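The next block holds one structure in the form of structure tokens; read it before the comments.
Note that the coordinates shown come from a computational prediction; the quantities given were computed from them, not determined experimentally.
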Amino acid sequence: MAKYEACILGLILAIDMNIQELLVIEDSDLLVHQVLGEWATKSTKILPYLHCVQDLIKSFTKIDIKHVPRIQNEFADALVTVSSMIQHPDKNFIDPIPIEIRKQLAYCAHVEEEFDGNPWFHDIKEYLEKGEDTQKCTM
């Protein structure tokens with residue numbers, strides 16, 4: 001279910017950003033084959049997730065879903081774990097978690113928490129939408 005939740009989250013974010021063509025890279029061979037209709041599932045817990053993903057992919061003019069072994073996709077596996085821990089008050093909605101891979105040291109990106117009334121991902125979403133980095137890291 002966590003793999004499906006992460007996939008749904010990513011698809012919703014791509015739709016919100018008006019992306020028309022998408023390449024989905026997934027480390028769950030089972031999820032890929034189920035979404036593509038190559039394998040069936042009888043699990044009543046998985047079926048709603050599968051139907052949700054299949055409905056969301058209809059929003060794209062072109063979408064490719066590829067399997068990449070987990071050993072080559074550790075970052076995605078970490079995101080799946082994080083997304084499965086999020087509890088949203090409205091059980092029918094999953095908040096997007098925008099992530100960007102930076103080419104700088106991780107400790108450089110650490111900032112002290114400063115509450116400004118926006119959700120934690122507000123600045124990340126602004127950056128993705130506008131392409132402007134408002135906070136610079138200097139060493």
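Listed by chain and residue number, D55 satisfy the side chain to side chain contact (heavy atoms under 4.5 Å, CB included) test with K58 (two or more places apart in sequence, or in another chain). Not a single side chain to side chain contact (heavy atoms under 4.5 Å, CB included) links N18 to another residue, sequence neighbours left out. In this structure, the side chain to side chain contact (heavy atoms under 4.5 Å, CB included) partners of T61, at least two apart in sequence or on a different chain, are Q20, E21. For K42, there are no side chain to side chain contact (heavy atoms under 4.5 Å, CB included) partners at least two apart in sequence or on another chain.
The CG atom of L128 sits 5.0 Å away from the CE atom of M17 when rounded to the nearest 0.5 Å. We find the CD1-SG distance between I65 and C7 to be 6.5 Å, quoted to the nearest 0.5 Å. The NZ atom of K125 lies 8.5 Å from the CG atom of L13; values are rounded to the nearest 0.5 Å. How far CG of L47 is from NZ of K45: 12.5 Å, rounded to the nearest 0.5 Å.
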Output a table of donor-acceptor pairs, distance under 3.5 Å, between side-chain atoms of residues 30-40 and any protein atom two or more places apart or on a different chain; print 'none' if there are none.
residue: H33; atom: ND1; partner: E38; partner atom: OE1; Å: 2.4
residue: H33; atom: NE2; partner: D29; partner atom: OD1; Å: 3.0
residue: Q34; atom: OE1; partner: Y4; partner atom: OH; Å: 2.5

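Counting heavy atoms from C-beta on, the side chains of I57 and L22 never come closer than 4.5 Å. E126 places none of its side-chain heavy atoms less than 4.5 Å from the side chain of I124. Proximity of I63 to L11: side-chain heavy atoms (C-beta onward) are separated by under 4.5 Å at one or more points.
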Dump the intermediate steps for side chain to side chain contact (heavy atoms under 4.5 Å, CB included) on K66 and E26, then the final yes or no. CA-CA 6 Å; K66 305 285 184 192; E26 175 59 55; over 6 Å; no
Pair L56-Q54, side chain to side chain contact (heavy atoms under 4.5 Å, CB included): steps then yes or no: CA-CA 6 Å; L56 289 170; Q54 289 173 332; over 6 Å; no
